[in-house]
Amino acid sequence: MVNTAQRAGILEGETTMKNQEIDAAWKYHNGTKHSDQSIRANRHYLDWQNQPMPFKIYTQLDPIPLPQHLSSSGMPALQSLAAPGAPQAQVALKSQLLAETLFLSAGITKRRSYPGGEILFRAAACTGALYHIDLYLVCGDLDSLDAGVYQFSPQDFSLCRLRAGDHRSVLAEASGDERSIVNAPCVIVSASTFWRNAWKYQSRAYRHCYWDNGTILANLLAAAAARKIPAKLVLGFVDAAVNELLGFDSRREAPLSLIGLGHASPRRMDLSPPVIEPATFETKPLSRTEVDYPAMRAMHEASSLESAEEVKTWREGAEREESGTKAEGKGIKDKGAGSHLIPLQPLRDEELPRDSIEEVIMRRGSTREFARESITLAQLSTMLDRVTRGIEADFLGPSASSLNDIYLIVHAVEDLPAGAYVYRRRERAVELLKEGDFRRDAGYLGLGQEIPADASVNVYFLADLNRALGRFGNRGYRAAQLEAAIMGGKIYLAAYAQRLGASGLTFFDDDVTDFFSPDAAGKSVMFLIAVGKSAKRKDLNVI
Ligand SMILES: Cc1cc2nc3c(=O)[nH]c(=O)nc-3n(C[C@H](O)[C@H](O)[C@H](O)COP(=O)(O)O)c2cc1C
């Protein structure tokens with residue numbers, strides 16, 4: 001019998017292990033850094049006549065409408081952000097709950113007109129509001145949804161069926177029999193069409209695949225937790241097998257992550273993967289022409305896993321990571337933790353704002369202008385507390401281990417001197433690295449924008465890429481970016497839950513590392529988000 005890896009053209013014993021050749025990740029990362037000089041030298045301009053559509057529209061598939069009436073879980077957002085990925089009391093996945101989860105992750109929540117047209121804003125933040133990430137479902141029979149492979153179409157809140165029948169075993173096999181995929185009634189696959197974001201951001205858009213998927217997944221995990229639906233992020237899978245299932249043009253599109261959603265026990269699916277007929281699905285052209293960015297493709301290919309065996313070995317990296325973290329953790333302080341530790345002081349349960357996750361997602365936007373006002377230490381602490389509770393993911397192991405460290409530039413937080421800080425995970429405390437008013441520096445580091453200078457605090461996620469790539473090969477780059485972005489997405493939600501504002505930002509890579517050095521020496525910036533109080537200016541300034 002021909003298995004998925006063989007169908008994808010890779011025969012047993014022939015694994016090339018490109019993923020281990022980590023120069024590729026360094027080449028991509030270094031080649032897409034922003035610096036003052038790179039920005040000045042870049043001659044790229046936006047060809048508005050050729051702007052890609054922010055939707056992938058299948059021309060020959062009939063939309064299947066999703067339920068219009070969506071219910072609220074009523075769970076306070078800050079509680080859903082604290083909930084584990086595998087809740088104790090679990091609820092069966094029904095199509096109504098699935099529709100709600102899709103809406104809260106990638107649905108259209110706001111429409112704004114501007115002189116050139118209309119922007120349909122989504123539940124999660126996205127670089128440039130270009131919305132290049134699509135969600136696909138691979139499910140067995142649900143109460144009112146037949147087993148199949150579907151694309152979620154936010155433009156008309158519907159599903160397009162690509163394939164009929166239960167194809168979950170293809171993903172089970174592609175994931176190296178990862179339990180959460182094997183058991184899931186539904187798997188959600190996130191994917192990017194590169195051009196939809198590269199039109200503006202060129203090759204740096206490969207980072208944005210993970211950033212913009214991360215904010216969607218932060219919403220998805222919170223929405224699922226509020227509905228008591230287990231959800232686990234899976235990054236280990238055979239890329240070509242997923243491409244084939246979804247009929248992707250692998251030069252232009254890429255699957256980014258899987259989420260095993262819900263728990264079917266005992267395993268219900270057919271063990272033998274169905275025969276997959278090769279398929280291409282006609283879609284509307286995104287724009288007049290498309291530009292190929294080979295650096296994105298090269299990075300994606302170099303971080304692809306090629307067989308179920310390779311996936312299993314890859315995942316063992318997480319287990320090694322986990323035991324290493326535990327050994328390091330025994331009775332010792334965080335490396336370098338000094339004497340200026342200020343413990344987090346999160347709000348007590350009875351003090352927490354009660355706004356539901358649904359209200360918060362509907363209210364969320366990116367703050368366009370911050371008032372230079374203070375937030376409280378309790379508000380900042382509550383955000384950091386929620387963000388550092390761990391993500392249920394195959395590359396992170398069971399405890400709250402992380403590939404990223406959190407650094408802060410504090411401008412205006414009550415009871416916290418302005419300055420640069422690092423968050424010490426084990427001590428659950430922030431450590432002052434240097435005191436001072438760094439508004440000008442923060443503005444510069446955030447690409448010379450006002451948002452990071454005016455916010456109350458800038459939260460940076462930095463990864464030790466040598467460590468991540470050492471454990472996970474090039475795919476460690478995907479993991480570090482995605483983990484940081486999910487945490488960034490959680491910051492968005494935790495800020496808006498406390499009636500604060502937030503905005504993701506881009507940055508001058510090496511200058512940020514230098515700013516936080518020596519503590520941050522050798523680390524690379526994965527994600528930046530500014531938090532503070534909105535100045536309530538209503539203008540739209542999409543950067
Ligand atoms: C990772 C990330 C980086 C972003 N970078 C910037 C930025 O540098 N400047 C800015 O004004 N907005 C930035 N944004 C905000 C987006 O422009 C915003 O999310 C998008 O316009 C959609 O609007 P919404 O977040 O209000 O729904 C960023 C958002 C994300 C998720």
Side-chain angles (χ1 to χ4, degrees), residues 32 34 39 46 51 54 103-114 116-133 154 190 192 196-197 199-201 204-220 256 360-370 387 404 442-455 458-462 480-493 495-496 500-509 511-512 525-532 534-543:
T32 55
H34 278 334
I39 294 287
L46 293 183
Q51 182 178 7
F103 174 75
L104 294 167
S105 311
I108 293 170
T109 50
K110 268 182 238 144
R111 294 166 181 264
R112 293 250 174 87
S113 298
Y114 69 107
E118 190 183 31
I119 299 187
L120 304 179
F121 287 91
R122 312 281 175 97
C126 177
T127 49
L130 289 166
Y131 304 116
H132 54 121
I133 309 290
S190 303
S192 166
R196 278 156 64 185
N197 196 262
W199 167 73
K200 179 166 184 181
Y201 298 104
R204 196 166 157 103
Y206 191 71
R207 301 184 186 205
H208 297 196
C209 291
Y210 294 91
W211 295 0
D212 298 326
N213 186 31
T215 58
I216 290 175
L217 294 187
N219 285 24
L220 193 155
L256 306 172
V360 169
I361 288 177
M362 292 306 289
R363 183 163 79 218
R364 190 213 62 78
S366 292
T367 304
R368 307 317 334 179
E369 187 185 351
F370 284 101
V387 162
N404 281 278
Y444 167 76
L445 294 173
L447 236 65
Q449 300 178 72
E450 288 172 8
I451 292 173
D454 292 341
N458 287 249
V459 184
Y460 289 92
F461 297 90
L462 273 71
Q481 292 283 8
L482 185 58
E483 187 210 20
I486 293 174
M487 293 200 281
K490 288 185 180 195
I491 295 245
Y492 259 113
L493 298 175
Y496 276 82
L500 301 173
S503 179
L505 288 165
T506 198
F507 42 81
F508 287 133
D509 293 80
D511 292 331
V512 174
V525 194
M526 299 287 106
F527 199 93
L528 164 60
I529 181 163
V531 176
S534 165
K536 296 240 182 309
R537 216 175 58 179
K538 291 270 187 270
D539 59 339
L540 192 67
N541 171 26
V542 178
I543 293 191

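Counting starts at 1 for both ligands and their atoms, in listed order.
Contacts between Tyr131 and ligand 1, counted as non-hydrogen atom pairs separated by less than 4.0 Å, involve the side chain only. When heavy-atom distances to ligand 1 are checked against a 4.0 Å cut-off, Ile451 comes that close only through its side chain, counted from C-beta outward.
The closest side-chain donor-acceptor pair between Thr127 and Asn197 falls under 3.5 angstrom. Counting only N and O atoms by type, the side chains of Tyr492 and Ser366 include a donor and acceptor under 3.5 Å apart. A side-chain N or O of Tyr496 and one of Thr367 form a donor-acceptor pair less than 3.5 Å apart.
Formation of a donor-acceptor pair under 3.5 Å by the Lys110 side chain with backbone atoms of Arg364 is found in this model.
Per-residue contacts place Trp211 under 4.0 angstrom from the following atoms of ligand 1 (heavy atoms of the residue considered): 1 (C). Residue Gly365 approaches ligand 1 through these ligand atoms, each under 4.0 Å from one of its heavy atoms: 25 (O), 26 (O). The atoms of ligand 1 that sit less than 4.0 Å from any heavy atom of Phe527 are 1 (C).
Where the criterion is an N or O separation shorter than 3.5 Å, residue side chain and backbone included, Cys126 meets it with respect to ligand 1. No N or O atom of Thr127 sits closer than 3.5 Å to an N or O atom of ligand 1. The shortest N or O to N or O distance between Gly504 and ligand 1 is below 3.5 Å.
Remark: distances from the non-hydrogen atoms of Thr506 to ligand 1 include one below 4.0 Å.
Here Ala218 pairs with Ile486, Lys490 under the side chain to side chain contact (heavy atoms under 4.5 Å, CB included) rule; sequence neighbours left out. Applying the side chain to side chain contact (heavy atoms under 4.5 Å, CB included) test to Thr32 and every residue at least two apart in sequence or in another chain returns Tyr28, Ser203, Arg204, Arg207.
Which of Arg368, Arg364, Gln449, His208 comes nearest to atom 12 (N) of ligand 1 through a heavy atom is settled by distance: it is Arg368.
For the atom pair OG (Ser190) and CD1 (Ile216), the distance works out to 6.5 Å, reported to the nearest 0.5 Å.
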